[in-house]
Number of protein chains: 2
Amino acid sequence: MTIFVYCIQNGYLVTMKISSSDLGKQAYHKVKQMIVSKKLLPGQKIVQEQLAEQLGISRTPLRDALQRLEAELLVESIPRRGVVVRQFNDREIVEIYECRIALEVTAVRLFAEKAQQSQIDGLRKLLEPFEHTNEIDEKAYQKADSNFHDTIIKRSGNQFLYQLFQKGNLLVCIDAIGLVRPPKETLQEHLDIVTAIHNRDGAKAASLLKEHLEKSKRLIVENPGYEN
Amino acid sequence: MTIFVYCIQNGYLVTMKISSSDLGKQAYHKVKQMIVSKKLLPGQKIVQEQLAEQLGISRTPLRDALQRLEAELLVESIPRRGVVVRQFNDREIVEIYECRIALEVTAVRLFAEKAQQSQIDGLRKLLEPFEHTNEIDEKAYQKADSNFHDTIIKRSGNQFLYQLFQKGNLLVCIDAIGLVRPPKETLQEHLDIVTAIHNRDGAKAASLLKEHLEKSKRLIVENPGYEN
DNA sequence: ATACAAAAATTGTCATTAATTCTTTTGGAA
DNA sequence: TTCCAAAAGAATTAATGACAATTTTTGTAT
């Protein structure tokens with residue numbers, strides 16, 4: 001399918017084609033979705049021809065997609081053996097958390113210092129539905145939580161940091177891990193962070209977020225089954 | 001070419017073939033080298049057929065390589081338009097530095113807390129050739145500097161962090177940027193950091209490294225030509 | 001059960017074809 | 001003539017299918 005877009009460029013009306021024919025990128029998103037939604041299980045081998053047929057494409061764009069996913073550490077490719085969905089053990093999850101803390105704390109400081117007021121308000125709005133209520137829908141909260149952290153990183157103003165988050169796939173991994181602590185506990189922490197941002201207190205926001213994330217990390221470390 | 005490796009696996013002698021036939025990975029390393037060594041210039045378009053012929057391979061493995069390099073942010077692919085070598089402006093270099101600071105400060109804390117004594121000694125040895133001398137060879141120092149920081153990250157014990165550094169290509173970018181400050185200035189800072197690590201003072205090492213990197217970052221920001 | 005050999009499945013690579021973009025040429029109006 | 005727009009042609013990328021190399025599975029004999 002091809003879509004035509006008309007726009008003004010250098011004062012002239014130009015027609016631009018936006019072709020949705022990039023099978024590689026499409027496949028990338030689909031396979032990523034399949035991994036996150038556990039349709040492809042960790043450790044499972046991906047048979048290329050089979051999956052390609054399932055997606056209705058040939059192997060070349062699928063291989064492109066797998067290449068990307070390997071770079072994002074979501075799959076592992078062993079030459080001549082094939083590609084398997086990567087699985088993270090507890091030690092690796094803690095490693096991921098440590099990286100996340102390092103980058104996200106930096107992001108929140110930048111956000112507090114530079115973000116526009118409307119962006120701060122937007123962040124605040126994400127939390128509203130869950131205030132003043134006892135029955136918190138876990139699924140909705142998880143989504144809001146994910147959005148909350150994503151917004152801070154995306155709007156930090158440091159685009160490279162955001163790319164690193166995506167390419168390093170920290171967000172996806174963290175989504176896959178799911179909620180570590182109950183909403184009741186984390187909601188207040190989120191609110192406090194927003195307050196600090198609102199006051200443009202970057203250092204305070206950073207230390208609050210750090211403690212917020214460290215708590216979750218500690219829970220994973222102290223989890224039975226964690227091997228040091 | 002095929003190489004056979006003999007090794008003991010589960011108590012049995014096993015022969016393993018290591019085929020260097022992975023053209024994709026080979027091409028990846030070659031092209032990466034070409035970018036770092038400026039044989040392919042920033043902004044330059046890569047014509048796939050041309051480069052493939054130059055490397056003596058077909059376009060399929062070259063595309064694999066470019067896919068990887070795109071994930072590492074070293075090249076940029078515009079669908080149906082081609083692949084160009086990515087160039088970083090000052091603003092992006094600062095962004096890269098901010099990410100580097102976040103991750104490397106975390107790494108040095110872990111290193112100070114967990115590293116074996118021999119690793120700390122190894123770090124110290126890297127600096128020795130440049131002490132007690134007035135004539136510092138810039139090139140040799142740059143290599144030592146690069147090794148110094150690489151060691152801290154690699155031996156932090158957090159493998160994911162190291163992968164993130166590689167995939168995010170922070171190290172390569174930083175190598176490409178080169179020395180920001182004169183050796184005389186940074187050598188003493190490096191020595192102080194080693195001392196803190198030697199004393200297992202993670203917090204001290206972290207704050208010293210942070211200041212060390214922040215100084216370089218500030219120099220870039222204050223550089224004429226930096227657009228905020 | 002174990003070890004080996006043959007068969008099947010799967011991956012990596014290439015050459016070809018189709019689709020898209022870029023460049024040049026052509027034609028017409030100011 | 002000069003400028004712009006449309007059309008034709010060349011160049012380049014994307015995708016498909018086919019083939020060869022390699023691994024995994026299956027079957028058979030020890």
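Chain letters run A, B, ... following the sequence lines, proteins first and then strands; every chain starts at 1. None of the values given here were measured: they were computed from a predicted structure.
In this entry the distance linking CD of E70(A) with P of dT11(C) reads 14 Å, nearest Å. Atom CD in Q26(B) sits roughly 14 Å away from atom P in dG12(C) (whole-Å rounding). The distance from atom CG of L23(A) to atom P of dA14(D) is 11 Å, rounded to the nearest whole Å. The separation between R81(A) atom CZ and dT22(D) atom P is 13 Å, rounded to whole Å. To the nearest angstrom, P of dT23(D) lies 20 Å from CD1 of I46(A).
The base of dT21(C) does not come close enough to the side chain of R80(B) for any donor and acceptor atom to sit less than 3.5 Å apart.
Ring orientation note: the planes of H190(A) and F148(A) are close to parallel, at an angle under 30° on the 30°/60° scale.
K45(B) comes within 4.0 angstrom of the backbone, heavy atoms only, and of no base. Nucleic acid contact class of I78(B) (heavy atoms, under 4.0 Å, all strands): none.
In this structure, a donor-acceptor pair under 3.5 Å is absent between the side chains of R181(A) and T186(A).
Residues meeting the ring-ring contact (aromatic ring centres under 6.0 Å, His included) test with Y162(A), sequence neighbours left out: none.
Note that CD1 of I35(A) and CG of L41(A) are 10.5 Å apart. Values are rounded to the nearest 0.5 Å.
For DNA chain C, the residues of residues 47-66 of chain A within the heavy-atom distance limit of 4.0 Å (strictly under) are V47(A), Q48(A), R59(A), R63(A), sorted by number.
Environment of CD in E49(B): sparse, with no more than 12 heavy atoms of neighbouring residues, nucleotides or ligands closer than 6.0 Å. Within a 6.0 Å sphere centred on CD of Q163(A), other residues, nucleotides and ligands contribute more than 12 heavy atoms.
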